[in-house]
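Note sheet for the following structure.
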Amino acid sequence: MTDAPPIPGSNEAEAMLRGLYAEMAPQHLFPLWEVLHALVTPTPSSTVRPHLWHYDAARAHLLRAGDLITAEKAERRVLILENPGLPGSSSVTTSLYAGLQLILPGEVAPCHRHTQCALRFVMEGDGAFTALDGEKAVMRPFDLVLTPNWQWHDHGNASAAPMIWLDGLDIPTVRHFAASFAERLPDGAMAHPETAPAGDTALRYGRNLRPFRGSGADRRPAALPLFHYPYAEWRESLAALARQGNPDPHLGHALEFVNPADGGSVMPTIAAHVRLLPAGFATRPRRATDAAVLVVVEGRGTARVDGQAFDLAHRDLLVVPSWAALTIAAESDLVLFGYSDAAAQRRLGLFREALG
Ligand code: 1HN
């Protein structure tokens, strides 16, 4: 005869449970009931913290790195913007990466491709290029340039001044899926052979037209044909929208960059947008499940993230955690660029927002 089991909840049962856990642990078995509430939270919970990087301070460190290591040696000379709540992760949010990349006059960053999707948002400099599958995008301040999953890309700076851009990648997402592949061009080649003149993609795919399907002129991937969204164009649209007045109470005047192939986000994992908040305008509180990186393109203002205030000045970078209540007040006309994982979340049926 075995002893009758103790009454669940009794001290004796609790002690026996601890004993059970101790015996199971070496076999990699653990009780869900001890962790369920931490796993399935009623609202989003992460250790991601809001944080502001002052551009000038980051820039000074980056330029010092420029004296000490070449772009070629580094492969990419980048300072990672790591979230203070995710130490050691090289991540700015749980799903995204952010970094500031410097390319000096005369330098090249060698051609490679990887399964991570990337965007570049130019912070300063004029005339360096990113070549995507052998087509150059000549980059100007606040241009958006995409290097989607598995497309060859190299960078070069034939201008006379340093160029710095923000790199936004889905590295933590790809790491989550353990789906990283990467390769360099064969034979140590630094640059992809030229396949098209600069501007060719915009001409073929950027004007609400595309090459006739199946024709020889249809040279870019059907799913993601466009890769350069110039500042001059998006800023003009934003200005025209703002002139009409009536900003959205939670976002201001906001435009999302789209993939012309399907009207969706610029890449499968990353969405990008710009917005203009007129001087004196303040947004109403908004929470969203997509943690976001915001860049101040123009103007001044104050962001409040769950009550914590951040002064926003030219080219500063702010990370806003998932489900944090965000308000932004514009002192002068405030123009922001932002990217997030909203693209992935919408595809997975996860995206939510709450408007206050
Ligand atoms: C990358 O390919 C670039 O191409 C920049 O400029 C930063 C960070 C991690 C992995 C790949 C680039 C990157 C990167």
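For ligands, and for the atoms within them, numbers begin at 1 and follow the listed sequence.
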**Prompt:** Between W165 and D167, does any side-chain donor sit less than 3.5 Å from a side-chain acceptor?
**Reply:** yes

* Asked: Does ligand 1 have an atom under 4.0 Å from some heavy atom of Q101?
  -> yes

re atom 14 (C) of ligand 1, the protein heavy-atom contact at minimum distance is L169 CD2, 3.9 Å

Requested in this report: On the 0 to 90° scale, with breaks at 30° and 60°, tag the F337-Y339 ring pair as parallel, tilted or perpendicular.
Outcome: tilted

Numbered in order shown, the ligand 1 atoms found under 4.0 Å of a heavy atom of Y97 are 8 (C)

Q.
Tell me whether the NZ or CZ atom of R210 lies within the 45° cone about the ring axis of Y205 and under 6.0 Å from its centre.
A. no

* Answer yes if the side chains of D143 and H228 hold a donor-acceptor pair under 3.5 Å, and no otherwise. => yes

re atom 11 (C) of ligand 1, the protein heavy-atom contact at minimum distance is H114 NE2, 3.6 Å

Which label fits F257 and W234: parallel for a plane angle under 30°, tilted from 30 to 60°, or perpendicular past 60°? perpendicular

Worksheet item: Side chains of H114 and H153: is there a donor and an acceptor less than 3.5 Å apart?
Response: yes

For H153, the atoms of ligand 1 under 4.0 Å from one of its heavy atoms are 2 (O), 4 (O)

Candidates R113, R76, R120, H112; heavy atom nearest atom 2 (O) of ligand 1 found on H112

Quick look: I171 vs ligand 1, heavy-atom contacts under 4.0 Å, and the answer is side chain

Is it true that L144 and M139 fall in one hydrophobic cluster, defined by side-chain heavy atoms closer than 4.5 Å?
yes

Looking only at protein heavy atoms, what sits closest to atom 7 (C) of ligand 1 is D167 OD2, 3.6 Å

Numbered in order shown, the ligand 1 atoms found under 4.0 Å of a heavy atom of H155 are 4 (O), 6 (O), 12 (C)

